[in-house]
A.B. asks: 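My questions will all concern the structure given below.
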Amino acid sequence: MKIFLNILLYLSFIFLFIYLYVKDLLIIPELLYPAYFFLSLVLVLAGFSISAKAWQTITKSEIPDVSYKDSFVSTGKFIFSKYIPGKLWVIIGKAAYLKERYAKSFINLTSFSFFYQLISLFSATVVSIGVVYFFDKTWFWLLVAVLCCFLVFFTVLYKPALRVVSRLLGFVFRKDIRLPVVQKRVTFKVFLLSLSNWIIWSISFYFFLLSTLPADYVSLAMGFLFPVSAVAGIIVVIAPGGLGIREGLLVIGLTSFGIQPKEAAAVAFISRLWFLAGEFLFFIIAALLTVKNRPDNR
């Protein structure tokens, strides 16, 4: 498993560099107000910290003594694996790290990781649905349909789906596999943490906009364009890391708020570098936490 984790880590950087090069993202943008940009990065890190707490909360069902540090590291070290084609590597990576650390079921942890990804998508949709109503009614009703699908899954289809997947995995691996059910109270707690995470990232995006556009052009509501664009980037499997998809939706949203198309395109382009900077800081902190083998405070 350790060899797999190292390969995944190296591959994530290779594919990240490839996509940055192909998309001409290897530049340093000019900012109107750098202080706002740095404040936005602090908030991006705060969002990742909450995300790690949500991951710790859901994995306690499998690992009661899992530490926040390990949850943070497992999320941060493999943050760039989402740029590897396939979309599942970021889900698998953090599950594999905890399996290596605690010798627990890799299949169960991957199941929790995937379930958390669904909660995160649901939370992001909830956060952004209000602002979408004001700039595109078609997208609004599409998001309403997505929310309804999520609610049906969480309330009706979740347990039957687990049974079906368990049978399929049992057939593949030739052994009895029963994927664990996440309890409702845990699901609700993770949802609240994820909701807080996306709200903070929305505020962070608002400060990012303040760093690139004159203050008179920016409103707090514009910050909530980020979650819906991120959801679209995650859902579209063929775009590693959501490259291109997220920026396209941001351009549509920003122009609906009165930003000129050329300026909106430039801001959407820089936003990719902005969030990458936050991801890089998150990765660095996670990597530093693994430099020395310190006693775990669990």
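Below, each value reflects all heavy atoms present in this structure, side chains not excepted, and no hydrogens, waters or symmetry copies. Note that the coordinates shown come from a computational prediction; the quantities given were computed from them, not determined experimentally.
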A.B. asks: Regarding Asn108 and Ser111, is there a side-chain donor-to-acceptor distance under 3.5 Å anywhere?
C.D. replies: no
A.B. asks: Is Lys137 atom NZ crowded by more than 12 heavy atoms from other residues, nucleotides or ligands, each under 6.0 Å away?
C.D. replies: yes
A.B. asks: Within the supplied structure, the quantity of interest is the number of heavy atoms (other residues, nucleotides, ligands) at a distance under 6.0 Å from Phe114 CZ; does it exceed 12?
C.D. replies: no
A.B. asks: First locate atom CG of Leu250, then atom CD1 of Ile270, and finally report the distance between them rounded to the nearest 0.5 Å.
C.D. replies: 12.0 Å
A.B. asks: Does Tyr36 use its side chain to pair, donor to acceptor, with the backbone of Leu31 at less than 3.5 Å?
C.D. replies: no
A.B. asks: Do we see a donor-acceptor contact under 3.5 Å between the side chains of Tyr102 and Asp70?
C.D. replies: yes
A.B. asks: For residues 216-224, please give each side-chain donor-acceptor pair under 3.5 Å, one per line with the distance, not counting sequence neighbours.
C.D. replies:
none

A.B. asks: OG/Ser74 to CD/Glu100 distance, rounded to the nearest 0.5 angstrom?
C.D. replies: 12.5 Å
A.B. asks: Test Arg185 against Lys189 for side-chain contact (heavy atoms from CB on, under 4.5 Å), laying out the working first.
C.D. replies: CA-CA 6 Å; Arg185 60 180 182 82; Lys189 185 175 181 180; over 6 Å; no
A.B. asks: For a quick test of reading the model, state the closest non-hydrogen atom pair linking Ala286 to Lys77 and the distance between them.
C.D. replies: CB-N, 3.8 Å
A.B. asks: Are any side-chain N or O atoms of Ser194 and backbone N or O atoms of Val190, one a donor and one an acceptor, separated by less than 3.5 Å?
C.D. replies: no
A.B. asks: Are Tyr33 and Val42 connected into the same hydrophobic cluster when the rule is that any two of I, L, V, M, F, W, Y join if their side-chain heavy atoms are below 4.5 Å apart?
C.D. replies: no
A.B. asks: Is the side chain of Ser204 donor-acceptor paired with the backbone N or O of Leu43 at a distance under 3.5 Å, no angle test?
C.D. replies: no
A.B. asks: Assess whether atom CZ of Phe72 is packed by more than 12 heavy atoms of other residues, nucleotides or ligands within 6.0 Å.
C.D. replies: yes
A.B. asks: Short question: side chain of Ser166, backbone of Leu179 - any donor-acceptor pair under 3.5 Å?
C.D. replies: yes
A.B. asks: Leu32 and Pro214: which non-hydrogen atoms are nearest, and at how many Å?
C.D. replies: CD1-N, 3.9 Å
A.B. asks: State plainly whether one hydrophobic cluster holds both Val164 and Phe171, where clusters connect Ile, Leu, Val, Met, Phe, Trp and Tyr through side-chain heavy atoms under 4.5 angstrom apart.
C.D. replies: no
A.B. asks: Checking Ser120 side chain against Gln117 main chain: does a donor-acceptor pair fall under 3.5 Å?
C.D. replies: no
A.B. asks: For the pair Ser271 (side chain) and Ala268 (backbone), establish whether a donor and an acceptor sit closer than 3.5 Å, ignoring hydrogens and angles.
C.D. replies: yes
A.B. asks: Is there a side-chain contact between Glu247 and Phe269 (heavy atoms, below 4.5 Å)?
C.D. replies: no
A.B. asks: If you define the side chain from C-beta out and look only at heavy atoms, does anything of Val267 sit under 4.5 Å from Val251?
C.D. replies: no
A.B. asks: Please lay out, stage by stage, how Ile285 and Leu45 fare under the test side-chain contact (heavy atoms from CB on, under 4.5 Å).
C.D. replies: CA-CA 10 Å; Ile285 295 172; Leu45 284 175; 4.3 Å; yes
A.B. asks: I'd like to know whether Leu209 forms a side-chain contact (heavy atoms from CB on, under 4.5 Å) with Leu254, so could you lay out the CA-CA distance, the side-chain angles of the two residues, the decisive distance to 0.1 Å, and finally the verdict.
C.D. replies: CA-CA 10 Å; Leu209 292 175; Leu254 291 171; 4.2 Å; yes
A.B. asks: Evaluate the criterion side chain to side chain donor-acceptor pair (under 3.5 Å) for residue pair Tyr116 and Ser51; output intermediate values, then yes/no.
C.D. replies: CA-CA 10 Å; Tyr116 173 56; Ser51 176; 3.0 Å; yes
A.B. asks: Do the side chains of Leu147 and Val126 get nearer than 4.5 Å, heavy atoms only?
C.D. replies: yes
A.B. asks: A side-chain contact here means heavy atoms from C-beta on lying under 4.5 Å apart; do Phe257 and Val131 qualify?
C.D. replies: yes
A.B. asks: Phe205: what forms a ring pair (Phe, Tyr, Trp, His ring centres under 6.0 Å) with it, not counting sequence neighbours?
C.D. replies: Phe208, Phe226, Trp274
A.B. asks: Between Ile203 and Leu192, is there shared hydrophobic-cluster membership here, with clusters defined by ILVMFWY side-chain heavy atoms closer than 4.5 Å?
C.D. replies: yes
A.B. asks: Ignoring hydrogens and angles, tell me if any N or O in the side chain of Gln56 forms a donor-acceptor pair with the backbone of Val66 under 3.5 Å.
C.D. replies: yes
A.B. asks: Is there a side-chain contact between Leu98 and Phe106 in this structure, where contact means two heavy atoms from C-beta onward sitting under 4.5 Å apart?
C.D. replies: no
A.B. asks: Any side-chain heavy atom of Phe38 within less than 4.5 Å of one from Ser211?
C.D. replies: no
A.B. asks: Under the ring pair (Phe, Tyr, Trp, His ring centres under 6.0 Å) rule, collect the residues that match up with Phe115, sequence neighbours excluded.
C.D. replies: Phe154, Tyr158
A.B. asks: Checking Phe48 now: which residues fulfil ring pair (Phe, Tyr, Trp, His ring centres under 6.0 Å) with it, not counting sequence neighbours?
C.D. replies: Trp201, Phe275, Phe282
A.B. asks: Among pairs that include at least one residue of residues 165-177, which meet salt bridge (charged side-chain N to carboxylate O under 4.0 Å, His left out), considering only residues two or more places apart or in two chains?
C.D. replies: Asp176-Arg178
A.B. asks: Would you indicate whether Lys184, at its atom NZ, is surrounded by more than 12 heavy atoms from other residues, nucleotides or ligands within a distance under 6.0 Å?
C.D. replies: no
A.B. asks: With a 4.5 Å cut-off on side-chain heavy atoms, are Phe112 and Trp55 touching?
C.D. replies: yes
A.B. asks: How many angstroms lie between OG1 in Thr255 and CD in Glu263, if you round to the nearest 0.5 Å?
C.D. replies: 11.5 Å
A.B. asks: Indicate the atoms forming the closest heavy-atom contact of Ala52 with Ser71, along with that distance.
C.D. replies: O-CB, 3.5 Å
A.B. asks: Would you please name every residue forming a ring pair (Phe, Tyr, Trp, His ring centres under 6.0 Å) with Tyr133, sequence neighbours left out?
C.D. replies: Phe140
A.B. asks: Got Ile200 and Ile50 here, is their nearest side-chain heavy-atom distance under 4.5 Å?
C.D. replies: yes
A.B. asks: Would you compute the distance between atom CD1 of Ile58 and atom CD1 of Ile119 and round it to the nearest 0.5 angstrom?
C.D. replies: 4.5 Å
A.B. asks: Below 30° counts as parallel, above 60° as perpendicular, anything between as tilted: where do the rings of Phe80 and Phe283 land?
C.D. replies: tilted
A.B. asks: Has Phe153 got more than 12 heavy atoms of other residues, nucleotides or ligands less than 6.0 Å from its CZ?
C.D. replies: yes
